[in-house]
There are 2 protein chains.
Amino acid sequence: MSLPHALLGLLSYRPATGYELKAAFEQSIHFFWNATLPQIYRTLNQMRERGWVAVTVEHQEGRPSRKVYRVTEAGREELRRWLAAPPEIPQPRDPLLVKVFFGRQADPAVLAAHLKMWRAHYAGLLRRYEEEIAPLIHHYAVLTGAREDARYWSLTLEFGRRFARMAVDWCDAALAVVMQEGKAHG
Amino acid sequence: MSLPHALLGLLSYRPATGYELKAAFEQSIHFFWNATLPQIYRTLNQMRERGWVAVTVEHQEGRPSRKVYRVTEAGREELRRWLAAPPEIPQPRDPLLVKVFFGRQADPAVLAAHLKMWRAHYAGLLRRYEEEIAPLIHHYAVLTGAREDARYWSLTLEFGRRFARMAVDWCDAALAVVMQEGKAHG
DNA sequence: ATATAATATATGCATAGTTATATATTTAAC
DNA sequence: GTTAAATATATAACTATGCATATATTATAT
């Protein structure tokens, strides 16, 4: 499980609340690891129990209190240990590919619609990478002086770009096959 | 969740035991959806409760009994319904990309070792696709006359090929960046 | 002879992840 | 004035997944 370590990583940049961590996820880690808000809160509790993070409750006039989490020295050590451990090979889980695999039993027109939906998703992701994420990385690198970090962020962005491009191309190839099928039998 | 439907799909080709389904998984679905043996047995029980599959216990002299599962008409209907429903967009979960993202805090040499391991994995997968899976699809298509199905199986194989090729190329690009980093600072 | 791998079916426990819900405030839109 | 959205922190219930383990037989290798 990478979630506690992803949170340790984000907190290593600066202390944050659970809500802020969710927002940070959405702009970065989200593209290769996701977590819901309840999951983040529960994981933060576990991390606190293990001494990886410490909490400061900031009381504010009128407003509800903010629980600000920061990494402890034990947490930094755990992050370094985890970074040095060999990463597990991810087990891909892709419902669309399952549907394509048994595609002969589906209506070719419906399958084609699925593929078009997928293509649109990855084409949109590709646009988002260029227009939103790439400038965001540059922005953070300049703003916080994290130029060294930005090089690594860009590597994961590049993976996303290549994956999305590959997915779009594959959809086009698959669509050609499926539509041929539709003409012959549908 | 795609597991019950993946099992319905496999059973739609021919009746099988839980053990045989696990073996079938390993040769096909495994590359885009995985399941452990306990998970398969439990899911088959749930599917039986829902009336999607029926069981025949084959008592064998001396040997332990085989529970052979076959799809019911309700199961076939459920499979068709699921195939027609739009597929969820998969949430990617990749621990290596998390490690790369926070790579600045790791030893460049260790990170390079991770990337080399990953590259070797995907290069091996690529070889396996060519030498094992592609001939297997051809074999099944000829043996069982499932030529129409084979066209769809090949589409998922093609996705695997493109993904693995992309992953190998990205590793090379990432390695170049990380090793540059190692020279400059390590 | 002995050990190991493959066949075959599970249960129990722990971890992980999702959905629904509860609460409370502030800000912006209509 | 009212509604909706965003900020902020959770808990409960459920679903899904993974790992360890138990049992028993047959075939193969050493």
Side-chain angles (χ1 to χ4, degrees), chain A residues 1-7 10-11 15-27 29-30 32-50 52-53 55-70 82 88-95 98, chain B residues 1-7 10-11 15-27 29-30 32-50 53 55-69 82 88-95 98:
Chain A
M1 229 260 296
S2 300
L3 183 53
H5 300 96
L7 293 173
L10 288 177
L11 289 173
T17 69
Y19 196 83
E20 286 166 348
L21 284 169
K22 173 62 178 165
F25 248 82
E26 226 97 288
Q27 290 191 331
I29 315 284
H30 170 71
F32 40 89
W33 200 279
N34 202 23
T36 58
L37 208 38
Q39 223 184 328
I40 289 173
Y41 284 120
R42 250 181 315 161
T43 304
L44 284 171
N45 276 333
Q46 288 163 14
M47 290 162 73
R48 195 187 45 195
E49 281 165 28
R50 285 175 201 181
W52 295 350
V53 291
V55 197
T56 321
V57 181
E58 287 184 7
H59 290 288
Q60 300 175 120
E61 323 126 37
R63 295 192 200 174
S65 313
R66 285 158 46 88
K67 282 194 185 175
V68 180
Y69 292 84
R70 69 198 69 241
W82 180 80
E88 315 97 84
I89 297 295
Q91 297 291 315
R93 288 176 177 277
D94 200 320
V98 180
Chain B
M1 228 258 299
S2 299
L3 183 54
H5 300 97
L7 293 173
L10 288 176
L11 289 172
T17 67
Y19 197 83
E20 287 166 348
L21 285 168
K22 172 63 178 166
F25 247 82
E26 225 97 288
Q27 289 189 332
I29 314 285
H30 170 72
F32 40 89
W33 200 279
N34 202 24
T36 58
L37 207 38
Q39 223 185 329
I40 289 173
Y41 284 119
R42 254 184 300 220
T43 304
L44 283 170
N45 277 332
Q46 288 163 14
M47 289 161 74
R48 195 187 45 197
E49 281 164 29
R50 286 176 201 183
V53 292
V55 197
T56 321
V57 181
E58 287 185 7
H59 289 289
Q60 300 174 118
E61 324 126 39
R63 293 192 201 175
S65 312
R66 282 158 48 88
K67 282 193 185 178
V68 180
Y69 291 84
W82 181 80
E88 315 97 83
I89 297 295
Q91 296 292 314
R93 288 175 179 279
D94 200 321
V98 181

**Q.** B/Tyr19 side chain near C/dT9 phosphate (N/O to OP1/OP2, under 4.0 Å)
**A.** no
Q. Mapping B/Gln91 and B/Leu37 onto DNA chain C by nearest heavy atom, which one lands closer to the 5' end?
A. B/Leu37
Q. Quick one: side chain to side chain donor-acceptor pair (under 3.5 Å) partners of B/Glu26, sequence neighbours excluded?
A. B/Lys22
Q. Can you name the side chain to side chain donor-acceptor pair (under 3.5 Å) partners of B/Arg48, sequence neighbours left out?
A. B/Asn45
Q: Go through C/dG17, D/dT17, C/dA8 for me and flag the one nearest to the A/Gln39 side chain.
A: C/dG17
Q | Residue list, side chain to side chain contact (heavy atoms under 4.5 Å, CB included) with A/Ala16, at least two apart or on another chain | A | A/Leu11, A/Glu20, A/Leu21
Q | Sequence-distant partners of A/Arg70, side chain to side chain donor-acceptor pair (under 3.5 Å), two or more places apart | A | A/Thr56
Q: Could you tell me whether A/Thr36 contacts a base, only the sugar-phosphate backbone, or nothing, with contacts defined as non-hydrogen atoms closer than 4.0 Å?
A: base
Q: Could you state the atom-to-atom distance from CG of B/Asn34 to P of D/dT17 in whole Å?
A: 10 Å
Q) In degrees, rounded to 10°, what is the bend between the two ends of the helix from C/dA1-D/dT30 to C/dC30-D/dG1, using five pairs at each? A) 30°
Q: Go through the structure and list residues passing side chain to side chain contact (heavy atoms under 4.5 Å, CB included) with B/Pro95, not counting sequence neighbours.
A: A/Ser2, A/Trp33, A/Glu88, A/Pro90
Q.
Nearest to the A/Arg42 side chain among D/dA13, C/dG12, D/dT17, which nucleotide is it?
A. D/dA13
